[in-house]
Asks: 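Provided herewith is a single structure, encoded as structure tokens, for subsequent inquiry.
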Amino acid sequence: MREIAETKRCYGCPRIYVRLRREGWKVNHKKVERLYREEGLSLRRRARKKATAVPRVPLPRPTRPGVCYAWTLSMTGWPMVGGSSV
């Protein structure tokens with residue numbers, strides 16, 4: 001197993017298991033996983049490259065003032081039905 005892992009650096013535990021079975025070894029996948037961990041043969045994890053699906057474009061500014069404003073209110077001072085405030 002170590003020999004396969006050294007020659008094929010990109011092979012992980014499942015691929016080594018399949019290769020051992022093809023070579024005629026009668027091994028269980030759980031045993032291969034356990035031995036793989038004990039030997040310290042884990043692969044290095046590659047960082048995923050984040051790609052945007054759509055290129056980012058800045059939003060256009062509104063041309064007329066007062067058209068695209070969002071109005072918000074503070075509801076903390078309003079009394080509730082039961083008499084208590086929020």
Side-chain angles (χ1 to χ4, degrees):
M1 188 167 74
R2 181 178 285 278
E3 182 181 316
I4 294 171
E6 288 175 359
T7 57
K8 301 288 188 178
R9 298 294 262 170
C10 60
Y11 276 18
C13 187
R15 289 180 76 177
I16 289 176
Y17 165 71
V18 171
R19 182 108 183 241
L20 288 171
R21 295 292 291 218
R22 287 182 183 166
E23 289 179 2
W25 291 88
K26 300 292 181 191
V27 289
N28 188 352
H29 70 93
K30 292 179 276 188
K31 183 178 278 192
V32 173
E33 289 175 10
R34 181 176 54 83
L35 293 173
Y36 189 79
R37 264 184 277 124
E38 287 176 0
E39 293 290 325
L41 299 175
S42 62
L43 292 172
R44 289 178 302 190
R45 302 258 172 143
R46 292 182 186 172
R48 289 185 59 179
K49 294 181 181 177
K50 293 184 181 179
T52 58
V54 179
R56 295 180 182 230
V57 179
L59 293 173
R61 293 222 175 252
T63 55
R64 294 185 303 165
V67 175
C68 297
Y69 285 100
W71 296 94
T72 60
L73 296 173
S74 175
M75 296 177 56
T76 56
W78 292 8
M80 298 288 283
V81 175
S84 65
S85 62
V86 176

Asks: Under the side-chain contact (heavy atoms from CB on, under 4.5 Å) test, which residues partner V18, sequence neighbours left out?
Replies: R22
Asks: Can you name the closest pair of heavy atoms from Y17 and V27 and give their distance?
Replies: CE1-O, 3.4 Å
Asks: Under the side-chain hydrogen bond (donor to acceptor under 3.5 Å, both in side chains) rule, collect the residues that match up with E39, sequence neighbours excluded.
Replies: R2
Asks: Could you give the distance from CD (E33) to CG (N28), rounded to the nearest 0.5 Å?
Replies: 8.5 Å
Asks: Output all residues satisfying side-chain contact (heavy atoms from CB on, under 4.5 Å) with R19, sequence neighbours left out; order by chain, then residue number.
Replies: I4, K8, Y11, E23
Asks: Considering residues at least two apart in sequence or located in another chain, which fulfil the salt bridge (Lys or Arg N to Asp or Glu O under 4.0 Å) criterion with R34?
Replies: E38
